[in-house]
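One structure below.
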Amino acid sequence: QVQLVESGGGLVQAGGSLRLSCAPSGRTFSSYDMGWFRQAPGKEREFVAAITWSGVNTYYADSVKGRFTISRENGKNTVYLQMNKMIPEDTAVYYCAADRIYSDSAIRRRNNYHYWGQGTQVTVSS
């Protein structure tokens, strides 16, 4: 069974940093595009960042551009989301996702991802 397992969530003060990790199990995801999404209470799940299978191209939501960095280590089968200068509006459950999308226009859309993790809570206090 294929699983994506997120880790690294927690409580941080505004202005602080966290690094999330996503480690797929049951399959090698080196040929998969990977994305991070988040969902705050009462809101829809939204795109945060994505990285192509090769790691060459990255994509960010305007709300996190310049503060968050997505990266991957295919040798370790792991994707990271480095979150800096965090603000209370970043509070949400963060989800890792994967699929073979191979499209710049489609990589931001959550419906294009088949594999999802269980989510990790991130809370930013003011």
Side-chain angles (χ1 to χ4, degrees):
Q1 185 176 357
V2 176
Q3 283 187 315
L4 300 178
V5 181
E6 302 99 335
S7 61
L11 175 65
V12 64
Q13 288 189 334
S17 299
L18 281 176
R19 188 176 80 158
L20 304 183
S21 299
C22 174
S25 64
R27 172 178 302 206
T28 298
F29 276 74
S30 58
S31 64
Y32 284 67
D33 297 331
M34 304 291 294
W36 285 98
F37 292 77
R38 67 186 182 186
Q39 188 167 16
K43 295 188 176 181
E44 290 190 354
R45 192 170 299 187
E46 65 175 4
F47 170 77
V48 175
I51 187 167
T52 53
W53 67 272
S54 63
V56 171
N57 295 317
T58 57
Y59 308 83
Y60 297 94
D62 288 344
S63 59
V64 306
K65 200 173 295 183
R67 300 188 298 118
F68 290 10
T69 302
I70 188 171
S71 61
R72 67 190 298 162
E73 289 188 73
N74 284 341
K76 294 184 178 180
N77 211 28
T78 303
V79 174
Y80 304 99
L81 184 68
Q82 178 67 44
M83 303 184 292
N84 299 328
K85 300 178 182 178
M86 298 185 73
I87 59 178
E89 289 75 15
D90 294 325
T91 296
V93 178
Y94 283 70
Y95 297 90
C96 174
D99 217 318
R100 288 171 170 165
I101 299 174
Y102 303 159
S103 166
D104 291 346
S105 62
I107 201 169
R108 297 169 182 262
R109 299 177 194 162
R110 67 175 187 266
N111 290 343
N112 290 325
Y113 290 84
H114 179 70
Y115 300 103
W116 289 86
Q118 81 289 348
T120 185
Q121 176 69 47
V122 171
T123 303
V124 185
S125 62
S126 57

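Worth saying up front: this structure is predicted, and the values here are computed from it rather than measured.
Listed by chain and number, the residues in a ring-ring contact (aromatic ring centres under 6.0 Å, His included) with Tyr113 are Phe37 (sequence neighbours excluded). A search for side-chain hydrogen bond (donor to acceptor under 3.5 Å, both in side chains) contacts involving Tyr59 returns Asp104, not counting sequence neighbours. Scanning for salt bridge (charged side-chain N to carboxylate O under 4.0 Å, His left out) contacts around Glu46 gives Arg38, with sequence neighbours left out. For Arg67, the salt bridge (charged side-chain N to carboxylate O under 4.0 Å, His left out) partners two or more places apart in sequence, or in a different chain, are Asp90. Legend: residues meeting side-chain hydrogen bond (donor to acceptor under 3.5 Å, both in side chains) with Arg110, ordered by chain and number and at least two apart, are absent. With sequence neighbours excluded, the residues that form a side chain to side chain contact (heavy atoms under 4.5 Å, CB included) with Ser126 are Pro88. For Glu89, the side chain to side chain contact (heavy atoms under 4.5 Å, CB included) partners two or more places apart in sequence, or in a different chain, are Ile87.
Of all the heavy atoms in Asn84 and Ser17, the pair that sits closest is OD1-OG, 2.9 Å. Heavy-atom minimum distance, Phe68 versus Tyr60: O-CE2, 3.2 Å. Pairing each heavy atom of Thr78 with each of Ala23, the nearest pair is OG1-CB, 4.3 Å. Shortest non-hydrogen contact noted between Pro24 and Asn77 is CD-O, 2.9 Å. In plain terms, the two heavy atoms of Tyr94 and Leu20 that are nearest each other are CB-CD1, 3.6 Å.
For the pair Arg45/Tyr95, a side-chain contact is recorded, criterion being any heavy-atom separation below 4.5 Å from C-beta on. The shortest distance between side-chain heavy atoms of Val79 and Phe29 does not fall below 4.5 Å. Side-chain contact check for Ile107 versus Thr52: some heavy-atom pair is nearer than 4.5 Å. Residues Met83 and Val12 fail the side-chain proximity criterion, which asks for heavy atoms closer than 4.5 Å.
Under the 4.5 Å side-chain heavy-atom criterion for ILVMFWY residues, no single connected hydrophobic cluster contains both Trp36 and Ile101. Residues Phe47 and Tyr32 are members of separate hydrophobic clusters, defined by side-chain heavy-atom contacts under 4.5 angstrom among Ile, Leu, Val, Met, Phe, Trp and Tyr. Note: the hydrophobic cluster containing Tyr80 does not contain Trp116 (ILVMFWY, side chain heavy atoms under 4.5 Å, direct or indirect links).
Side chain of Thr91 to backbone of Val124: a donor-acceptor contact under 3.5 angstrom is found. With Gln82 contributing its side chain and Arg19 its backbone, the two residues share no donor-acceptor pair below 3.5 Å.
Residue pairs satisfying the salt bridge (charged side-chain N to carboxylate O under 4.0 Å, His left out) criterion with at least one member in residues 114-124, sequence neighbours excluded, are absent. Applying the salt bridge (charged side-chain N to carboxylate O under 4.0 Å, His left out) test to residues at least two apart or on different chains, none of the pairs has a partner in residues 116-126. Pairs engaging residues 51-66 under the salt bridge (charged side-chain N to carboxylate O under 4.0 Å, His left out) rule: Asp62-Lys65 [sequence neighbours left out]. Evaluation of the salt bridge (charged side-chain N to carboxylate O under 4.0 Å, His left out) test over residues 114-126, restricted to residues two or more places apart or in two chains, returns none.
A distance of 11.5 Å separates CG in Leu81 from CE in Met34, rounded to the nearest 0.5 Å. Separating the CD atom in Glu73 from the OG atom in Ser21 is a distance of 9.5 Å, to the nearest 0.5 Å. For the atom pair CD of Glu6 and SG of Cys22, the computed distance is 5.5 Å after rounding to the nearest 0.5 Å. Interatomic distance, CG of Asp99 versus CG of Asn111, reported as 11.5 Å (0.5 Å rounding).
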Self-check item: From CA spacing to verdict: side-chain contact (heavy atoms from CB on, under 4.5 Å), Gln121, Leu11
Solution: CA-CA 8 Å; Gln121 176 69 47; Leu11 175 65; over 6 Å; no
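With no hydrogens or angles considered, no side-chain donor-acceptor pair links Thr28 and Ser30 at under 3.5 Å.
Side-chain contacts under 4.5 Å among hydrophobic residues (ILVMFWY), followed directly or transitively, place Tyr102 together with Trp53.
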